[in-house]
Amino acid sequence: MKKIDINIPQNAYNVFLGGNIIDRLPKLLTSEKLNGRLFFVIDKNVNKFYSDKLTEIFTKAKFNYNKIIINANEKNKSYETLQKIHKALIKNNYGRDSLIVAIGGGIIGDVTGFAASTYMRGIKYIQIPTTLLASVDSSVGGKTGINFSNTKNIIGTFYQPKMVLIDTNFFSTLPKEEMLCGVGEIIKYCFLTEQKFFNYVKKNIDSLLTNDTKTITKVISEAVRFKGDVVIADEKETGIRKILNLGHTFAHAYEVEQNHKVKHGQAVIVGIASALYLSKELSLLTPKQFKQFGVLLFQFKSKIQLGKVNKNSTYKIMQRDKKNRDGQVKLVLLKDIGNIVTDISCSRKMIIDAIDYGITVFSR
Ligand code: NAD
Ligand code: GLY
């Protein structure tokens with residue numbers, strides 16, 4: 001089992017990573033001094049596959065706990081789900097000494113973290129990601145939130161978990177499409193980090209998609225370390241952390257415009273393609289770099305197929321993004337691998353052209 005320290009000032013925690021380590025949860029809670037009454041928020045599909053195993057672990061450890069099962073979809077990343085969690089906590093007299101445990105993908109993690117950050121002005125929570133996407137990205141860094149008024153993650157908090165436990169065995173039941181979503185965020189790290197990581201992912205893309213444990217573990221470990229360092233430097237996204245949103249302003253708009261028929265990780269792939277195109281149009285990237293970098297994305301053309309996209313609506317949705325300033329869409333773009341520029345604004349026409357490029361490449 002690997003241990004990665006996320007040394008955020010005042011908010012440090014450990015990420016544990018390995019195969020079949022969920023059994024170690026009781027011991028890890030003790031060693032990390034995470035006591036308190038336990039409340040589990042569990043993804044419905046995870047519960048379907050792992051209910052017996054989880055119950056066995058909880059019973060053996062003599063946990064005193066309650067649980068709630070949530071159907072993870074973007075519509076349920078909502079105030080209604082938040083209320084369900086809060087109501088269950090109140091009904092069962094959970095106090096400030098409680099510990100909430102999120103077991104699921106990014107949807108469960110984000111809404112649970114938000115519930116924990118707002119219940120009694122903030123109680124402890126931990127993340128047990130069960131998707132590749134949540135393992136490489138959302139479980140670490142403390143961004144919590146819900147969707148509201150047709151806008152992704154518009155309501156939320158920065159609130160760090162007290163521990164993250166990544167058990168790669170969970171991926172054995174993940175649908176292929178969800179592995180691809182995880183690869184979407186991994187591709188983001190290829191552009192944020194260094195050529196070596198880019199080359200490694202490019203060479204091992206099939207091993208990632210087919211859940212090869214050794215490759216997956218290496219990639220998660222590097223992504224978490226990288227993200228951890230960025231979050232340590234800028235927990236509240238006033239500067240460097242903005243780079244983690246590469247492709248996401250476009251991606252969130254595609255998700256909403258498509259009424260969530262396209263999944264987040266898939267939309268990230270299309271969003272990065274739009275961001276690379278715009279980077280080229282603004283001469284931040286040369287046409288040669290654009291072609292070389294695009295290879296990583298274009299291989300998924302047949303696997304991600306958007307329906308009909310309205311470019312103007314997509315642009316309108318982008319105008320509600322959290323990173324915008326002075327009423328202008330602010331973008332994260334690329335000069336080279338590991339050389340990201342943030343807060344870039346440009347004309348509406350250029351953004352619409354970049355949207356058009358993304359949807360043309362990834363349309364039926
Ligand atoms: P998800 O939570 O919707 O999970 C994907 C699907 O896989 C769901 O149907 C779920 O039920 C199922 N599932 C989960 N674990 C499973 C398992 N082990 N076996 C079988 N099925 C399983 O999606 P996701 O891709 O994990 O997360 C996407 C969400 O994360 C988006 O809402 C996105 O905005 C958010 N996100 C947040 C951050 C952050 O920093 N907080 C970063 C990236 C993404
Ligand atoms: N997923 C972007 C961030 O955590 O900042």
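Both ligands and their constituent atoms are indexed starting at 1 by order of listing. Position 1 is the first residue of the sequence, and the numbers go up from there.
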Measure from every N or O atom of ligand 2 to the protein's N or O atoms and keep only the pairs below 3.5 Å, writing each with atom names and distance to 0.1 Å.
unit_1: ligand 2; atom_1: 1 (N); unit_2: Asp137; atom_2: OD1; d: 3.4
unit_1: ligand 2; atom_1: 4 (O); unit_2: Lys227; atom_2: NZ; d: 2.7
unit_1: ligand 2; atom_1: 4 (O); unit_2: Arg241; atom_2: NH2; d: 2.8
unit_1: ligand 2; atom_1: 5 (O); unit_2: Lys143; atom_2: NZ; d: 2.9
unit_1: ligand 2; atom_1: 5 (O); unit_2: Arg241; atom_2: NE; d: 2.8
unit_1: ligand 2; atom_1: 5 (O); unit_2: Arg241; atom_2: NH2; d: 3.2

**Message:** Tell me whether the NZ or CZ atom of Arg24 lies within the 45° cone about the ring axis of Phe16 and under 6.0 Å from its centre.
**Reply:**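 No, Arg24 does not sit over the ring of Phe16.
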
**Item:** Lys NZ or Arg CZ of Lys218 over Tyr200 ring: under 6.0 Å, within 45°
**Value:**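 Satisfied, under 6.0 Å and within 45°.
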
Proximal atoms of ligand 1 relative to [X] (non-hydrogen, under 4.0 Å):
X: Thr173; result: 17 (C), 18 (N), 19 (N), 20 (C)
X: Phe170; result: 17 (C), 18 (N)
X: Asn45; result: 9 (O), 10 (C), 11 (O), 12 (C), 21 (N)
X: Asn153; result: 34 (O)
X: Glu74; result: 31 (C), 32 (O)
X: Lys227; result: 40 (O)
X: Thr131; result: 4 (O), 14 (C), 15 (N), 24 (P), 26 (O)
X: Phe49; result: 20 (C)

**Asked** Hey, mind stepping through Thr118 and Tyr159 against side-chain hydrogen bond (donor to acceptor under 3.5 Å, both in side chains) and telling me if it holds?
**Response** CA-CA 10 Å; Thr118 42; Tyr159 193 68; over 6 Å; no

**Request:** Name the option, out of Lys152, Lys48, Glu177, Met179, that contains the heavy atom nearest to atom 34 (O) of ligand 1.
**Result:**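 Among Lys152, Lys48, Glu177, Met179, the closest heavy atom to atom 34 (O) of ligand 1 belongs to Lys152.
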
**Item:** Option of least heavy-atom distance to atom 41 (N) of ligand 1 (set: Asp110, Asp167, Ile103)
**Value:**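 Comparing heavy atoms across Asp110, Asp167, Ile103, the nearest one to atom 41 (N) of ligand 1 lies in Asp110.
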
**Message:** Could you check whether Glu80 pairs with Lys84 (Lys NZ or Arg NE/NH1/NH2 to Asp/Glu carboxylate O, under 4.0 Å)?
**Reply:**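 No.
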
**Request:** Inspect the contact between Asp229 and Arg225 and indicate whether a charged nitrogen and a carboxylate oxygen are less than 4.0 angstrom apart.
**Result:**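 Answer for the salt bridge query: no.
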
With a 4.0 Å cut-off on heavy atoms, is [X] in contact with ligand 1?
X: Gln127; value: no
X: Lys44; value: no
X: Lys263; value: no

**Item:** Over all atoms of both residues, closest heavy-atom pair of Ile337 and Glu194
**Value:**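 What the structure gives for the nearest pair is CG2-C, 3.5 Å.
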
**Item:** Over all atoms of both residues, closest heavy-atom pair of Asp5 and Asn14
**Value:**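 Closest heavy-atom pair between Asp5 and Asn14: OD1-OD1, 3.0 Å.
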
[X] contact mode with ligand 1 (heavy-atom cut-off under 4.0 Å):
X: Asp43; value: side chain
X: Ile107; value: both
X: His264; value: side chain

**Prompt:** Do Phe39 and Tyr65 have their ring centres less than 6.0 Å from each other?
**Reply:**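 No, the ring centres sit 6.0 Å or more apart.
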
**Message:** Within the supplied structure, the quantity of interest is the number of heavy atoms (other residues, nucleotides, ligands) at a distance under 6.0 Å from Lys162 NZ; does it exceed 12?
**Reply:**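 Count not over threshold, so no.
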
**Prompt:** Got more than 12 heavy atoms from elsewhere within 6.0 Å of NZ, Lys322?
**Reply:**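 Yes, the 6.0 Å shell around NZ holds more than 12 heavy atoms from other groups.
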
**Derivation of the side chain to side chain contact (heavy atoms under 4.5 Å, CB included) call for Leu333 and Leu285** = CA-CA 9 Å; Leu333 300 176; Leu285 283 182; over 6 Å; no

**Request:** For the pair Glu185 (side chain) and Leu133 (backbone), establish whether a donor and an acceptor sit closer than 3.5 Å, ignoring hydrogens and angles.
**Result:**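 Such a contact is absent between Glu185 side chain and Leu133 backbone.
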
